[in-house]
Amino acid sequence: MQRYDIINELIGKFNYKTYLEIGVRNPDDCFNIINCETKHSVDPGYESPDSKVDYKFTSDDFFALLESKELNLSPTYKWDVIFIDGLHISTQVEKDIKNSLNHLSENGIIILHDCNPISEMRQRVPADFDIWEFGWNGDVWKNIVECRTRNDIDTYVVHADHGVGMILKRPNKKLLILKMSNFKKLKFRDFYYNYKQYLNVVYKEDLKNIF
C-alpha cells in the first residue's frame, strides 16, 4: 500500500474535493496519481517542460502569500487533504503542520510521508551523502511524536510506504504522555524501542476503525 493509495481511498470515502501537495519533486510519484476534483501543488525547485507546479515557492512563502492575499486563492481557502512531503527536517515540518492545520477543512486530513525510518542513518539530519542512494526519511518522526501529545488532534502512522502519517482535526483518542517539551532532543534510540507507541502505528485493516 502506497501513500497515493491511502490518499485516494480517503478522497473516495469522504468525497473530498480539494487537495494540496507540499513538495512534489516528480509529479508522477504521487501528484498525478491523486484523483481529486481540485488539486494544487507547491514546490520551490521543481521544473519540467511537461508538468509544472502551481506555486513555485517554499511552503513558508506559499502560506505567507496566501495570508497576504497575493495569490489567486482566498486567504481563508481550505483544503480537504493536505499532503506534506517537502523538506523532511522536523523544524520545517513543524511549520508545515501548523500552516496546514490553519488551512484544513473541518473534516479534512493531513497526510505526511517518511514517518517511520528503518535505520538511524535514514533519519539523520543533515543527511549523509551516501544515504541518497538508499532513501532518506529525515526526522519527520519527531513531529509525529509531538502531535501525539496534543489533545486537539488525532494522529496515526500507517505501516506502509516508509510510514504514512495521518493527522485529523478531532480530540486525541490515544494521548501519548511524555515528560518533555523539546521533542527535537529525542534520539533514535528512543524511537527504536518505542516506535509503535510513539507513532500510534496502525495497519491497513485498522483504517476502517479509525474513521
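Only heavy atoms go into these numbers, but all of them, side chains included; no hydrogens, no water, no symmetry mates. The chain is numbered in sequence order, starting from 1. Note that the coordinates shown come from a computational prediction; the quantities given were computed from them, not determined experimentally.
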Inset, instruction - Find the distance between CG (Leu20) and CG (Asn99) and round it off to the nearest 0.5 Å. - result: 10.5 Å
Inset, instruction - Could you grab the distance from atom CZ of Arg122 to atom NE2 of His88, nearest 0.5 Å is fine? - result: 13.5 Å
Legend entry - Transitive ILVMFWY cluster of Ile177, excluding itself - 4.5 Å side-chain cut-off: Leu175
Legend entry - Pair Gln92-Thr58, side-chain donor/acceptor within less than 3.5 Å: no
Legend entry - Side chain proximity check, Ile97 to Glu146, heavy atoms < 4.5 angstrom: no
Legend entry - ring pair (Phe, Tyr, Trp, His ring centres under 6.0 Å) against Phe188, all qualifying residues, sequence neighbours excluded: Phe191
Legend entry - Distance, nearest 0.5 Å, that separates OG1 of Thr155 from CG of Leu176: 10.0 Å
Inset, instruction - Could you name each residue pair satisfying ring pair (Phe, Tyr, Trp, His ring centres under 6.0 Å) that touches residues 91-121, not counting sequence neighbours? - result: Phe63-His103, His113-His162
Legend entry - Mutual orientation of the aromatic rings belonging to His159 and Tyr203 [parallel < 30°, tilted 30-60°, perpendicular > 60°]: tilted
Inset, instruction - Working to the nearest 0.5 Å, report the span between CD1 of Ile144 and OG of Ser90. - result: 11.5 Å
Inset, instruction - State plainly whether the residues Glu120 and Arg124 are in salt-bridge range, i.e. N to O under 4.0 Å. - result: yes
Inset, instruction - Starting at CG of Leu186, measure out to CD of Gln123 and round the result to the nearest 0.5 Å. - result: 10.0 Å
Inset, instruction - Would you indicate whether the side-chain heavy atoms of Phe211 and Glu9 approach each other to under 4.5 Å? - result: no
Legend entry - Among Asn143, Ile109, Leu112, side-chain contact (heavy atoms from CB on, under 4.5 Å) partner for Ile167: Leu112
Inset, instruction - For residues Tyr19 and Phe31, determine if any side-chain heavy atom of one lies less than 4.5 Å from a side-chain heavy atom of the other. - result: yes
Inset, instruction - Under the side chain to side chain contact (heavy atoms under 4.5 Å, CB included) rule, collect the residues that match up with Ile89, sequence neighbours excluded. - result: Leu87, Thr91, Val125, Trp136, Asp139
Inset, instruction - Verify the cluster assignment for Trp141 and Val158: are they in a single hydrophobic cluster under the rule of side-chain heavy atoms below 4.5 Å apart? - result: no
Inset, instruction - May I ask you to test the Ile34-Asn8 pair for a side-chain heavy-atom distance under 4.5 Å? - result: yes
Legend entry - Heavy atoms from other residues, nucleotides or ligands near OH of Tyr77 exceed 12 (cutoff 6.0 Å): yes
Legend entry - side-chain contact (heavy atoms from CB on, under 4.5 Å) partner of Tyr156, chosen from Leu168, Leu199, Val201: Leu168
Inset, instruction - Working to the nearest 0.5 Å, report the span between CG of Asn172 and CG of Asn200. - result: 8.0 Å
Inset, instruction - Assign the ring pair Tyr55 / His40 to parallel, tilted or perpendicular, where the plane angle (0 to 90°) is split at 30° and 60°. - result: tilted
Inset, instruction - Mind checking salt bridge (Lys or Arg N to Asp or Glu O under 4.0 Å) for Glu67 and listing every partner two or more places apart, or none if nothing turns up? - result: none
Legend entry - Ser100 side chain near Ile22 side chain, heavy-atom distance below 4.5 Å: yes
Inset, instruction - Determine whether Ile6 and Met1 make a side-chain contact, defined as any pair of heavy atoms from C-beta on separated by less than 4.5 Å. - result: yes
Inset, instruction - For residues Val81 and Leu10, determine if any side-chain heavy atom of one lies less than 4.5 Å from a side-chain heavy atom of the other. - result: no
Legend entry - Neighbour count >12 (heavy atoms, 6.0 Å) for atom NZ, Lys196: no
Legend entry - Whether over 12 other heavy atoms sit under 6.0 Å from Asn194 CG: yes
Inset, instruction - Could you list all the salt bridge (charged side-chain N to carboxylate O under 4.0 Å, His left out) pairs where at least one residue sits in residues 85-100, not counting sequence neighbours? - result: Asp60-Lys95, Glu94-Lys184
Legend entry - Test: Arg170 and Asp154 ion pair at under 4.0 Å: yes
Inset, instruction - State, with a plain yes or no, whether a side-chain heavy atom of Glu21 is found less than 4.5 Å away from one of Lys39. - result: no
